[in-house]
Structure formats: structure tokens, C-alpha cells
**Q** 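What follows is a single structure, and I will ask about it in a moment.
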Amino acid sequence: MTEPPVLIVIPCLNEEAHLRAVVDSLLNPLPAMPVQLVIADGGSTDGTRKIAEDLMQCYPQIIWLDNPKRIQAAAVNLAVERYGRAGGILIRADAHNVYPPHYVDMLSADMQSTGADSVTVPMTTI
């Protein structure tokens with residue numbers, strides 16, 4: 001059975017201090033299935049964009065998306081509208097988290113093994 005594609009959306013605003021860590025935790029090691037990661041920025045004025053550009057050089061799976069509405073829900077909706085795939089998996093990632101190794105693979109496996117449409121997990125924010 002082929003794994004469905006995964007769209008990861010990180011809504012952010014001025015996340016210079018956290019962006020690199022969250023992206024690295026989600027994409028290193030790379031998930032087993034195809035992944036596209038959207039950094040949906042609400043108009044950062046710090047070094048967020050530069051860090052995202054550096055990350056895009058390391059990870060071709062990353063896309064920058066301007067989020068003119070600035071709020072997180074709007075960022076997720078815009079990313080899904082532009083880059084979502086029917087039947088795929090959507091992961092909304094928080095810029096203030098560091099995810100465990102193989103996090104994307106574990107979520108996908110849980111969804112597939114249980115037949116769940118949605119999986120939520122507890123988290124500790126930084």
C-alpha cells in the first residue's frame with residue numbers, strides 16, 4: 001500500500017529563535033512518505049524569512065507562503081487551499097515545538113493502523 005502524501009504547515013510570525021529547530025525535527029530524518037512543508041508566515045520582521053530561505057536550500061520539500069491574514073487558522077487554510085492533496089495527511093506543526101524523531105512516520109502509521117481520520121497528541125511547548 002502506498003503511503004499518502006503529507007502536507008505539514010507551520011504557521012509562524014517572528015520565529016527566528018525557533019524555526020530551524022522545528023523544521024529540522026520534522027524533516028531530519030526525512031519521513032518515509034512524500035512530504036511538503038509549508039512555512040506560512042504572517043509578516044515576520046525578524047530573521048524568520050532568512051532562516052526559511054536557508055532551510056529551503058537544505059530541504060527542497062519546503063515552500064514559503066505569505067499569510068496576509070496573519071492568524072494561524074488562516075495560514076493553515078491558505079496552505080491547504082494552495083498545496084493540499086485530496087486524501088493526504090495534514091499536519092499542523094507549532095513553531096515552538098521540537099518533534100521526536102520519525103514523528104511524521106509515527107502519525108501516519110497510527111492513522112493507517114487505526115483507520116482514524118485525525119490523530120492528536122499531547123505536546124510540551126517551549
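The figures that follow rest on heavy atoms only: side chains count, while hydrogens, waters and symmetry mates do not.
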**Q** Can you tell me how far the CG atom of Leu19 sits from the CD1 atom of Ile39, to the nearest 0.5 Å?
**A**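 If we round to the nearest 0.5 Å, Leu19:CG and Ile39:CD1 are 4.5 Å apart.
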
**Q** Which value, rounded to the nearest 0.5 Å, describes the distance between Arg92 atom CZ and Thr120 atom OG1?
**A**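 It is 13.0 Å, given to the nearest 0.5 Å.
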
**Q** For Asn67, which residues count as a side chain to side chain donor-acceptor pair (under 3.5 Å) partner, sequence neighbours excluded?
**A**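 For Asn67 there are no side chain to side chain donor-acceptor pair (under 3.5 Å) partners, ignoring immediate neighbours.
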
**Q** Heavy atoms, side chains only, cut-off 4.5 Å: are Val6 and Pro31 in contact?
**A**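 Of all side-chain heavy-atom pairs linking Pro31 with Val6, none is under 4.5 Å.
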
**Q** State whether the side chain of Asp94 and the backbone N or O of His96 hold a donor-acceptor pair below 3.5 Å, judged by distance alone.
**A**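 Between the backbone of His96 and the side chain of Asp94 there is a qualifying donor-acceptor contact (under 3.5 Å).
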
**Q** How close do Pro68 and Leu78 get, heavy atom to heavy atom, and via which atoms?
**A**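 Heavy-atom minimum between the residues: CD-CD2, 4.2 Å.
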
**Q** Ignoring hydrogens, what is the shortest heavy-atom contact between Met106 and Pro101? Give both atom names and the distance.
**A**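 Nearest pair, atom of Met106 first, then Pro101: CE-O, 3.6 Å.
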
**Q** Any link between Val22 and Leu107 through a network of hydrophobic side chains (Ile, Leu, Val, Met, Phe, Trp, Tyr) touching at under 4.5 Å?
**A**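 In one cluster with Val22: Leu107, yes.
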
**Q** Can you see which heavy atom on Ser44 is nearest to which on Glu15, and at what distance?
**A**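 Nearest heavy atoms, Ser44 then Glu15: OG-N, 4.4 Å.
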
**Q** Rounded to the nearest 0.5 Å, what's the gap from CZ on Arg20 to CG on Asp54? Could you check?
**A**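 Atom-to-atom, Arg20:CZ and Asp54:CG are 5.5 Å apart.
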
**Q** Report yes or no: do Leu90 and Met33 belong to one cluster of Ile/Leu/Val/Met/Phe/Trp/Tyr joined by side chain heavy-atom distances under 4.5 Å?
**A**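 Different hydrophobic clusters.
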
**Q** Quick one: list whatever passes side chain to side chain donor-acceptor pair (under 3.5 Å) with Asp110, sequence neighbours left out.
**A**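 Asp110 satisfies side chain to side chain donor-acceptor pair (under 3.5 Å) with no other residue.
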
**Q** With heavy-atom distances below 4.5 Å as the criterion, would you say the side chains of Val35 and Leu27 are in contact?
**A**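 The answer is yes, as the side chains (C-beta and beyond) meet within the 4.5 Å cut-off.
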
**Q** In this structure, would Tyr59 and Trp64 fall into the same cluster of hydrophobic residues linked by side-chain contacts under 4.5 Å?
**A**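 Yes.
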
**Q** State, with a plain yes or no, whether a side-chain heavy atom of Ile91 is found less than 4.5 Å away from one of Leu37.
**A**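 With C-beta onward as the side chain, the pair stays apart.
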
**Q** Rounded at 0.5 Å granularity, tell me how far CZ in Arg70 sits from CG in Asp41.
**A**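 With rounding to 0.5 Å, CZ (Arg70) is 8.5 Å from CG (Asp41).
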
**Q** Can you tell me how far apart CD1 (Ile62) and CD1 (Ile10) are? Round to the nearest 0.5 Å.
**A**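 If we round to the nearest 0.5 Å, Ile62:CD1 and Ile10:CD1 are 7.5 Å apart.
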
**Q** Applying the 4.5 Å side-chain criterion to the ILVMFWY set and letting contacts propagate, would Leu65 and Leu26 be lumped into a single cluster?
**A**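 No, no single cluster joins them.
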
**Q** In terms of hydrophobic clusters joined by side-chain contacts under 4.5 Å, are Val119 and Tyr103 together?
**A**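 Same hydrophobic cluster.
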
**Q** Who are the side chain to side chain donor-acceptor pair (under 3.5 Å) partners of Asp46, not counting sequence neighbours?
**A**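 For Asp46 the side chain to side chain donor-acceptor pair (under 3.5 Å) partners, ignoring immediate neighbours, are Thr48.
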
**Q** Nearest 0.5 Å, what's the CD1-CD1 distance between Ile63 and Ile8?
**A**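 So the gap between those two atoms works out to 11.5 Å.
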
**Q** Which atom pair, heavy atoms only, marks the closest approach of Ala93 to Tyr99?
**A**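 Reported closest heavy-atom pair: CA-OH, 3.4 Å.
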
**Q** Give the minimum heavy-atom separation between Ala95 and His18, together with the two atoms involved.
**A**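 Smallest heavy-atom distance, with atoms named: O-CB, 3.0 Å.
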
**Q** Can you see which heavy atom on Val9 is nearest to which on Ala79, and at what distance?
**A**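 Where Val9 meets Ala79 most closely, the heavy atoms are CG2-CB, 3.6 Å.
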
